[in-house]
Amino acid sequence: MEYVTLNNGVKMPKLGYGVFQTPPEDTRRCVLEAIETGYRSIDTAQAYGNEEGVGNALAECGLPREELFITTKIWISNAGFEKAKASIETSLKKLRTDYVDLLLIHQPFGDYYGTYRAMEEAYKAKTARAIGVSNFYPDRYLDLVHFSQVTPAVNQMETHVFFQQKNARTYMQKHGTQLMSWGPFAEGKNDFLKNPVLNEIGAAHKKTAAQTALRFLLQKDVIVIPKSVHRERMEENFQVFDFTLTDEELKRIEELDGGKSLFFSHHDPDTVEWFMSIV
């Protein structure tokens, strides 16, 4: 495993296991299999509806709590100081733990200032070892940074070879905020797994396009949390520490960057209304 040290000194695995869109009834099994494979970082969220499954797996896996790194996120419907504070307690109960390792604001909507104040309180009370944000573009990220007591340790954003977040990273690096990727495979968009550059470079290392894409992000110091409900894919995604991409290979993959989202923009009013409809 490789690690990053967050801006408050907390060590976080660079490769984790995500449970976005994992059915609640499958989550316990999937997380247990991920832990057996070697994953020690698990990423969930209130909006995923599967924190209980993660909590059950944590209770059953047999590992000491301190060997695991758990991330969850506060949803828009829990925005604001009082609601967020109550939701943190609810998440801890569902996760069957006294603390989370990383607590994020899921979306930059609602009273996210009040939410962040509740998170700062949780950080000071040690019920969250690190706090941060998710999907905060540079404008809102900088706004929050300048009016908060605790600088976000992490910003989880859409990040993959076709959207490498070069602009956002410029501002995040100034404040020591770590980039964390969601959608490292772009959910297959742009014929991701058939990309000739990824496949050619992967073949040189006897690796798949997916493994090559993960290795690229890891070497760029991006935290990744690939998701799969299939054990063989979990294992494949974990086999990314036994090879290194050359500078020339990194450059070729850097050139795949289109500089824009393959999903949606948080500045688009229709996207904002869609997010507000998710309770």
Side-chain angles (χ1 to χ4, degrees), residues 1 3 6 8 10-79 81-107 115-116 118-134 150 153-154 156 180 182 223-231 234 237-238 278-279:
M1 183 53 64
Y3 297 84
L6 304 180
N8 65 347
V10 168
K11 278 181 65 177
M12 180 175 183
K14 287 175 75 171
L15 174 66
Y17 178 70
V19 296
F20 173 58
Q21 292 181 331
T22 300
E25 62 273 18
D26 294 335
T27 302
R28 172 189 156 278
R29 171 189 62 80
C30 288
V31 173
L32 282 173
E33 289 182 353
I35 291 171
E36 288 168 5
T37 299
Y39 294 87
R40 293 295 179 265
S41 176
I42 310 296
D43 179 275
T44 184
Q46 295 172 352
Y48 300 169
N50 55 21
E51 286 177 312
E52 293 101 327
V54 173
N56 290 336
L58 299 184
E60 294 176 36
C61 72
L63 290 177
R65 172 65 182 87
E66 60 270 18
E67 289 188 19
L68 297 162
F69 193 103
I70 308 304
T71 300
T72 195
K73 313 174 197 77
I74 299 174
W75 188 244
I76 303 165
S77 55
N78 289 324
F81 181 80
E82 294 298 339
K83 279 187 175 180
K85 187 175 177 179
S87 81
I88 293 168
E89 290 301 316
T90 300
S91 287
L92 291 174
K93 287 176 184 174
K94 289 180 177 180
L95 291 166
R96 299 174 68 174
T97 182
D98 296 329
Y99 67 93
V100 290
D101 298 275
L102 180 61
L103 182 63
L104 306 177
I105 298 179
H106 205 153
Q107 303 288 349
T115 302
Y116 203 74
M119 290 165 56
E120 288 178 324
E121 186 177 276
Y123 178 68
K124 290 169 185 173
K126 298 188 183 337
T127 50
R129 295 179 65 222
I131 60 175
V133 295
S134 179
V150 181
V154 167
Q156 185 179 128
M180 183 176 183
W182 65 255
I223 297 167
V224 292
I225 45 168
K227 168 251 176 179
S228 178
V229 296
H230 303 292
R231 184 161 187 153
M234 295 179 198
N237 292 339
F238 199 77
I278 303 172
V279 210

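Each of Ile225, Leu102, Val133 was checked for a side-chain contact (heavy atoms from CB on, under 4.5 Å) with Gln156, and the lone residue meeting it is Ile225.
Closest heavy-atom contact between Gly53 and Thr27: C-CG2, 3.9 Å. Of all the heavy atoms in Ile223 and Pro13, the pair that sits closest is CG2-O, 3.9 Å. A pairwise comparison of heavy atoms in Arg40 and Ile35 identifies NH1-O, 2.9 Å as the closest pair. Scanning all heavy atoms of the two residues, the minimum distance from Val154 to Met180 falls at CG1-CB, 3.7 Å. In terms of heavy atoms, Asn50 sits closest to Ala45 at OD1-O, 4.5 Å. Here the shortest heavy-atom pairing between Leu103 and Ala128 reads CB-CB, 4.1 Å.
Partners of Lys83 according to the salt bridge (charged side-chain N to carboxylate O under 4.0 Å, His left out) rule, which considers only residues two or more places apart in sequence or in another chain, do not exist here. Residues meeting the side-chain hydrogen bond (donor to acceptor under 3.5 Å, both in side chains) test with Glu36, sequence neighbours left out: Arg231. Arg28 pairs by the salt bridge (charged side-chain N to carboxylate O under 4.0 Å, His left out) definition with Glu60, not counting sequence neighbours.
Taking CD1 of Ile105 as the start and CE of Met119 as the end, the distance is 5.0 Å to the nearest 0.5 Å. Between the NZ atom of Lys227 and the CH2 atom of Trp182 there is a distance of 13.5 Å, given to the nearest 0.5 Å. To the nearest 0.5 Å, atoms OG1 (Thr127) and CD (Glu121) are separated by 8.5 Å. Distance check, rounded to the nearest 0.5 Å: CG of Asn78 to OG of Ser91 gives 7.5 Å.
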request  = Please test Tyr39 against Glu33 for side-chain contact (heavy atoms from CB on, under 4.5 Å), starting from the C-alpha separation and ending with a verdict.
outcome  = CA-CA 9 Å; Tyr39 294 87; Glu33 289 182 353; over 6 Å; no

message = Run Arg65 and Asp101 through salt bridge (Lys or Arg N to Asp or Glu O under 4.0 Å) and show every step you take.
response = CA-CA 10 Å; Arg65 172 65 182 87; Asp101 298 275; 2.9 Å; yes

Give the table of side-chain donor-acceptor pairs shorter than 3.5 Å for residues 67-76, with sequence neighbours excluded, one pair per line with atom names and distance.
{"from": "Thr72", "atom 1": "OG1", "to": "Glu51", "atom 2": "OE2", "distance (Å)": "2.6"}
{"from": "Lys73", "atom 1": "NZ", "to": "Asp43", "atom 2": "OD1", "distance (Å)": "2.6"}
{"from": "Lys73", "atom 1": "NZ", "to": "Asp43", "atom 2": "OD2", "distance (Å)": "3.4"}
{"from": "Lys73", "atom 1": "NZ", "to": "Thr44", "atom 2": "O", "distance (Å)": "2.8"}
{"from": "Lys73", "atom 1": "NZ", "to": "Tyr48", "atom 2": "OH", "distance (Å)": "3.2"}
{"from": "Trp75", "atom 1": "NE1", "to": "Ile278", "atom 2": "O", "distance (Å)": "2.9"}

Enumerate, atom names and distances included, each donor-acceptor pair closer than 3.5 Å involving a side-chain atom of residues 15-25, sequence neighbours excluded.
{"from": "Tyr17", "atom 1": "OH", "to": "Ser228", "atom 2": "O", "distance (Å)": "2.6"}
{"from": "Thr22", "atom 1": "OG1", "to": "Val19", "atom 2": "O", "distance (Å)": "3.4"}

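Counting only residues at least two apart or in different chains, ring-ring contact (aromatic ring centres under 6.0 Å, His included) contacts with residues 82-103 are absent.
Looking at Ser87, its side chain does come within 3.5 Å of a backbone N or O of Ala84 through a donor-acceptor pair.
Between Cys30 and Met234 the shortest side-chain heavy-atom distance falls below 4.5 Å.
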